[in-house]
Q: 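The structure is given below, and queries will be raised subsequently.
Letters A, B, ... are given to chains in the order of the sequence lines, protein chains preceding strands, and every chain is numbered from 1.
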Protein chains: 2
Amino acid sequence: MADSGGPPSGESLLFLTDDQLRKAIEAMFFAYRGFTADPDRILAEKGYGRAHHRAVHFINRSPGTTVNNLLSILGVTKQSLNRVLRTLISDGLVESRIGKQDKRERHLFLTEPGETLERALSDAQRDRMRSAFRQAGPDAVSGFRQVLEAMMDADTARHYKRLKEGGT
Amino acid sequence: MADSGGPPSGESLLFLTDDQLRKAIEAMFFAYRGFTADPDRILAEKGYGRAHHRAVHFINRSPGTTVNNLLSILGVTKQSLNRVLRTLISDGLVESRIGKQDKRERHLFLTEPGETLERALSDAQRDRMRSAFRQAGPDAVSGFRQVLEAMMDADTARHYKRLKEGGT
DNA sequence: CTTGGAATGTCAACAAGGCTGACATAATGT
DNA sequence: ACATTATGTCAGCCTTGTTGACATTCCAAG
């Protein structure tokens, strides 16, 4: 089963031994920890968690987005999201406006302080990403993105592409 | 502030606009969800969580490792790890042997059923990784690994490299 | 040899943030 | 009128992180 060790077995274009795949899996695990480490520190200071970061990020990304929309992007239950939104709104980082066309909908926006927090978080994360890209070099960057896209679930990839292309 | 949109601004070898970095950040977030989705399903069936997966993975990786060693790799508190180990041991997936030299230490091993679970989990995760690599192509693979390594914390990278090179 | 500290691991209790289920309200669409 | 949709809320559960307290074992300095 595990044809590990030794050099590429040739023949396939992709010399993917179990051992190499395992290394990639571990790399993904460790890298994700680094990826979240900087924002986590900032969030901890302010008494927030990763869930708040995600909400703030995607509201900043698509100002005026609805709760439902956010739910489908984040892939959590509305109860979970609502708990986070409630604290963000009552802390004055997020504003929720009733929809004009459809008054059932709530459109979400970052307030001034909300944008400040978002910027602190994304600056930290971007700095690390930029430095990783610089170390790895230009060719590595496109490979990185291609593999990540291929690793997403189909539904998730749809969301990602939609965000990648269009704005809101 | 955000010089987003438009093609690479040239000049730097790495055309890294804020917009591109943000896309990479989102890709990382969505990809990690895909990365954990398959094992999560298997774990949920058996009543375990991601923490159990991590423990089983690294015990399989380095049989006979001590609790302390595992702790430094996983980066959680010993109490957290201990809870997970306790259930794995009482379910008969992991065996804990008191150290011969130092009787304070516990050396951890997978039992037969433990290895079976580990294989199910890593097969699922490897399958997705392999398919992502195939879709992305050989060049992408090395770029992917390079960026991930550059994204880790320094301490984490040490652990990763040690695991990558040596066996135990 | 004894004794104090360091290392290792265990138990208890708490918090964050997932989850399900039930239910309320308001607006929309048929 | 009635069913459906969008949202919010309460209650309760689970996993998994945290800190604090404590037991055991080892080792080294007196």
Q: Quick one: sort the A:Tyr160 and B:Phe30 rings into parallel, tilted or perpendicular, breaks at 30° and 60°.
A: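 Perpendicular: the ring planes of A:Tyr160 and B:Phe30 meet at over 60°.
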
Q: Answer with yes or no whether the side chains of A:His57 and A:Ser122 bring together a donor and an acceptor at under 3.5 Å.
A: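 Result is no, nothing qualifies.
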
Q: Measure the acute angle between the ring planes of A:Tyr32 and B:Tyr32, then classify it against the limits of 30° and 60° as parallel, tilted or perpendicular.
A: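 Parallel.
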
Q: 5'-most contact on DNA chain D: A:Arg106 or A:Arg86, nearest heavy atom basis?
A: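 Looking at the nearest nucleotide for each, A:Arg106 comes out on the 5' side.
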
Q: Rounded to whole Å, please give me the gap between NZ in A:Lys78 and P in C:dC23.
A: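 Checked: the NZ to P distance equals 13 Å.
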
Q: Taking OP1 and OP2 of C:dG17, is either one under 4.0 Å from a side-chain nitrogen or oxygen of A:Ser80?
A: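 For A:Ser80, the contact criterion (side-chain N or O under 4.0 Å from OP1 or OP2 of C:dG17) is not met.
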
Q: Between B:Thr36 and B:Arg33, is there a donor-acceptor pair closer than 3.5 Å when you use the side chain of the first and the backbone of the second?
A: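 Between the backbone of B:Arg33 and the side chain of B:Thr36 there is a qualifying donor-acceptor contact (under 3.5 Å).
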
Q: Can you give the first and last nucleotides of DNA chain D, 5' to 3', that have an atom under 4.0 Å from a heavy atom of chain A?
A: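 It runs D:dT5 to D:dC10.
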
Q: Is a side-chain N or O of B:Arg128 found less than 3.5 angstrom from the main chain of B:Gly34, in a donor-acceptor match?
A: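 Yes; judged by distance alone, with no hydrogens or angles, the pair exists.
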
Q: Can you check the B:Tyr48 OH to C:dG18 P distance for me, whole Å?
A: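 Going from OH in B:Tyr48 over to P in C:dG18 covers 24 Å.
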
Q: Please report the distance, rounded to the nearest Å, between CZ in A:Arg104 and P in C:dA27.
A: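 Interatomic distance, CZ of A:Arg104 to P of C:dA27: 10 Å.
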
Q: Between B:Asp102 and A:Lys103, name the one whose nearest nucleotide on DNA chain C is closer to the 5' end.
A: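 The answer here is B:Asp102.
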
Q: Nearest-Å distance, CG (A:Leu43) to C1' (C:dA15)?
A: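 Value for this atom pair: 16 Å.
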
Q: Using atom CG of B:Asn69 as one end and atom C1' of C:dG9 as the other, report the distance to the nearest whole Å.
A: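 So the two atoms are 15 Å apart, to the nearest Å.
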
Q: Using ring centroids (six-membered ring only for Trp), state whether B:Phe133 and B:Phe144 fall under 6.0 Å.
A: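 Centroid distance B:Phe144-B:Phe133: below 6.0 Å, so yes.
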
Q: Where along residues 87-101 of chain A does a heavy atom come under 4.0 Å from DNA chain D, residue by residue in number order?
A: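 When residues 87-101 of chain A is checked for heavy atoms under 4.0 Å from DNA chain D, there are no hits whatsoever.
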
Q: Does the base of C:dG17 carry an N or O that pairs as donor and acceptor with the side chain of A:Gln79 under 3.5 Å?
A: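 A donor-acceptor contact between them is absent.
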
Q: Any salt bridge linking B:Asp19 with A:Lys164? Criterion: basic side-chain nitrogen under 4.0 Å from a carboxylate oxygen.
A: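 A:Lys164 and B:Asp19: not salt-bridged.
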
Q: State whether the side chain of B:His52 and the backbone N or O of B:Leu88 hold a donor-acceptor pair below 3.5 Å, judged by distance alone.
A: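 Side chain of B:His52 to backbone of B:Leu88: no pair is present.
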
Q: Is a side-chain donor or acceptor of A:Ser62 paired with a backbone partner of A:Thr65 at a separation under 3.5 angstrom?
A: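 Checking the backbone N and O of A:Thr65 against the side chain of A:Ser62, no donor-acceptor pair under 3.5 Å is found.
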
Q: So, is A:Arg54 near the phosphate of C:dG17, with a side-chain N or O under 4.0 Å from OP1 or OP2?
A: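 No.
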
Q: At under 4.0 Å between heavy atoms, what does B:Arg83 touch on the DNA or RNA strands: base, sugar-phosphate, or nothing?
A: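 Counting heavy atoms under 4.0 Å across all strands, the contact made by B:Arg83 includes a base.
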
Q: Look at the side chain of B:Arg50 against the base of C:dG18 and say whether a donor-acceptor pair falls under 3.5 Å; ignore hydrogens and angles.
A: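 Answer is no: no donor-acceptor pair is held.
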
Q: Mind checking A:His52 for me? I need base, sugar-phosphate or nothing, with any heavy atom below 4.0 Å counting as a touch.
A: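 The answer is sugar-phosphate, as A:His52 gets under 4.0 Å only of primed atoms, P, OP1 or OP2.
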
Q: Within the 4.0 Å heavy-atom criterion, would you say A:Gly47 contacts the bases, only the backbone, or no part of the nucleic acid?
A: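 Answer is nothing: A:Gly47 stays at 4.0 Å or more from every strand.
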
